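Encoded as structure tokens, the structure appears first; notes follow it.
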Amino acid sequence: MKILYCIYQLFVALPITILMTIWTALTVGVGCTIGNGHYWGYYPGRWWARVITHAFLLPVKVEGREHLEPNQSYVFVANHQGAFDIFLIYGYLGRNFKWMMKHQINKIPFVGYACRKSHQIMVDKRGVGKVRRTYESARHILETGNCSVVVFPEGARSFTGHMGVFKKGAFALADELQLPVVPLTINGSFNVMPRMKDWHFATWHPLSLTIHQPVYPVGHGLANVQATMNQAYDSVMSALVPEYQGYVENPDQ
């Protein structure tokens, strides 16, 4: 079956992924140029993610959408297991949002173009000024519309499937704007394609996304940031499958 699945990926899933990526990038670029970037900056990416997930024949289970209120902006924080985290969240979270992503994404053909045109938030740590501009962009998005932000607070994909530590940036942003933080738990992405096997064949495995109850601010300042981060971390950890329970140091953090 593994051999058949690899053959299927080579002749079906991979061509679909390439064609959908090019189509989505061009659609996002044209749509955002014409107008209504709120729509064109999100929905083509959502379709792109869903088509690719289906192309790889990966079943997806989502729990907890009932925890989200309509017309409420959130700071979503998720564990970062692998490349398919992007498809899972983009395709199945069901909320209009912007990514906070590494600036190196700009270099990926078509994907970088679409991210720039749709005003995704590029995290650039090469200097204090660049970091400040990153959070100013996130603040502007959260303050000026029915849009949320998705962050991987570990800052890097796991080497083991286990969680590393959370960094405070996303929680400080939520604290400053007094917005709720929503923890997300991803399962299965590490099994499908861990970072050690980028550009290799995917392994068939179900994917799941658990949307936890929002963590609302109970104050303002460092104590609230720390409390929110701890609660979000515990929530994400609680829904991981037993195989990946527990902290493991990530040397890339």
Side-chain angles (χ1 to χ4, degrees), residues 5-58 60 76 78 80-126 130 133-134 137-138 140-141 145 147-152 155-157 186 188-190 192-203 207 209 252:
Y5 188 48
C6 288
I7 293 172
Y8 169 82
Q9 289 179 59
L10 185 62
F11 291 102
V12 180
L14 181 59
I16 289 174
T17 298
I18 293 171
L19 291 174
M20 275 299 299
T21 301
I22 295 171
W23 176 86
T24 301
L26 295 176
T27 302
V28 169
V30 172
C32 290
T33 300
I34 293 173
N36 195 2
H38 186 68
Y39 178 89
W40 293 106
Y42 168 67
Y43 284 98
R46 183 184 182 189
W47 302 330
W48 166 77
R50 281 178 170 255
V51 168
I52 291 174
T53 305
H54 286 302
F56 279 87
L57 308 178
L58 302 174
V60 173
F76 292 99
H80 204 1
Q81 281 201 336
F84 276 76
D85 298 346
I86 306 299
F87 304 124
L88 183 59
I89 293 177
Y90 222 156
Y92 298 92
L93 179 58
R95 302 287 292 206
N96 198 320
F97 67 86
K98 301 294 184 186
W99 293 99
M100 289 187 71
M101 57 179 63
K102 291 183 176 181
H103 69 92
Q104 291 91 338
I105 300 293
N106 266 319
K107 299 178 181 180
I108 301 177
F110 295 103
V111 173
Y113 167 76
C115 290
R116 291 191 299 273
K117 295 296 289 185
S118 58
H119 302 291
Q120 306 300 325
I121 304 163
M122 299 296 175
V123 179
D124 193 337
K125 299 180 181 178
R126 296 173 298 178
K130 293 182 183 294
R133 284 194 291 274
T134 294
S137 298
H140 176 74
I141 286 168
C147 192
S148 298
V149 169
V150 173
V151 187
F152 294 115
R157 286 176 291 165
I186 292 169
S189 180
F190 184 80
V192 173
M193 187 177 288
R195 64 181 299 178
M196 304 85 72
K197 294 186 177 181
D198 281 345
W199 309 110
H200 286 62
F201 287 110
T203 299
L207 298 170
L209 178 66
D252 200 26

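Here, residue 1 is the first one in the sequence, and each next residue gets the next number. Keep in mind that what you see is a predicted model, and the values were worked out from it rather than measured. What you see below is based on every heavy atom in this structure, not just the backbone, and it leaves out hydrogens, waters and symmetry mates.
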- Message: Take a 6.0 Å sphere around CZ of Phe110 and say whether it holds more than 12 heavy atoms from other residues, nucleotides or ligands.
- Response: no
- In terms of heavy-atom contacts, Met100 and Ala138 come closest through SD-CB, 4.2 Å
- Note on the structure: Between Arg50 and Gly91 the two heavy atoms that sit nearest each other are NE-O, 2.7 Å
- Are the charged groups of Arg195 and Asp252 less than 4.0 angstrom apart, N to O? yes
- Heavy-atom side-chain proximity of Val151 to Ile121 below 4.5 angstrom: no
- Query: Looking only at heavy atoms, which two atoms of Met193 and His200 are closest? And how far apart?
  - Reply: CE-O, 3.1 Å
- Message: Rounded to the nearest 0.5 Å, what separates atom CZ in Phe201 from atom CD1 in Ile7?
- Response: 8.5 Å
- Nearest-0.5 Å distance, CE of residue Met196 to CG of residue Asp198: 9.5 Å
- Flag side-chain contact, heavy atom, 4.5 Å: Phe87 against Leu207: no
- Answer yes or no: is there a side-chain heavy-atom contact under 4.5 Å between Val60 and Leu209? no
- Message: With rounding to the nearest 0.5 angstrom, report the OG1 to OH distance, Thr27 to Tyr43.
- Response: 16.0 Å
- Query: If every non-hydrogen atom of Phe56 is compared with every non-hydrogen atom of Gln9, which pair is closest and at what distance?
  - Reply: CE2-OE1, 3.4 Å
- Do side-chain atoms of Ser189 reach the backbone of Gln81 as a donor and acceptor pair under 3.5 angstrom? no
- Query: Can you check side-chain contact (heavy atoms from CB on, under 4.5 Å) on Leu88 and Thr53, steps first, answer last?
  - Reply: CA-CA 8 Å; Leu88 183 59; Thr53 305; over 6 Å; no
- Any side-chain heavy atom of Asn36 within less than 4.5 Å of one from His38? yes
- Item | Pair Thr24-Trp47, side-chain donor/acceptor within less than 3.5 Å | no
- Between Ala114 and Ala25 the two heavy atoms that sit nearest each other are CB-CA, 3.8 Å
- Could you list the residues that satisfy side-chain contact (heavy atoms from CB on, under 4.5 Å) with Arg95, not counting sequence neighbours? Leu68, Gln72, Tyr74, Phe76, Leu93
- Item | Donor-acceptor contact present, side-chain Tyr8 to main-chain Ala55, <3.5 Å | yes
- How many angstroms lie between CG in Leu19 and CG in Leu14, if you round to the nearest 0.5 Å? 9.5 Å
- Aromatic plane relationship, Phe97 with Trp99 - under 30° parallel, 30 to 60° tilted, over 60° perpendicular: perpendicular
- Non-hydrogen atoms of Tyr39 and Pro44 that approach each other most closely: O-CD, 3.8 Å
- Task: Would you give the length of the straight line joining atom CG of Leu57 to atom OH of Tyr5, rounded to the nearest 0.5 angstrom?
- Result: 5.5 Å
- Item | Reported CD1-to-CZ distance for the pair Ile86 and Phe152, which is rounded to 0.5 angstrom | 4.0 Å
- Between the main-chain N or O of Ser118 and the side-chain N or O of Lys98, is there a donor-acceptor pair closer than 3.5 Å? yes
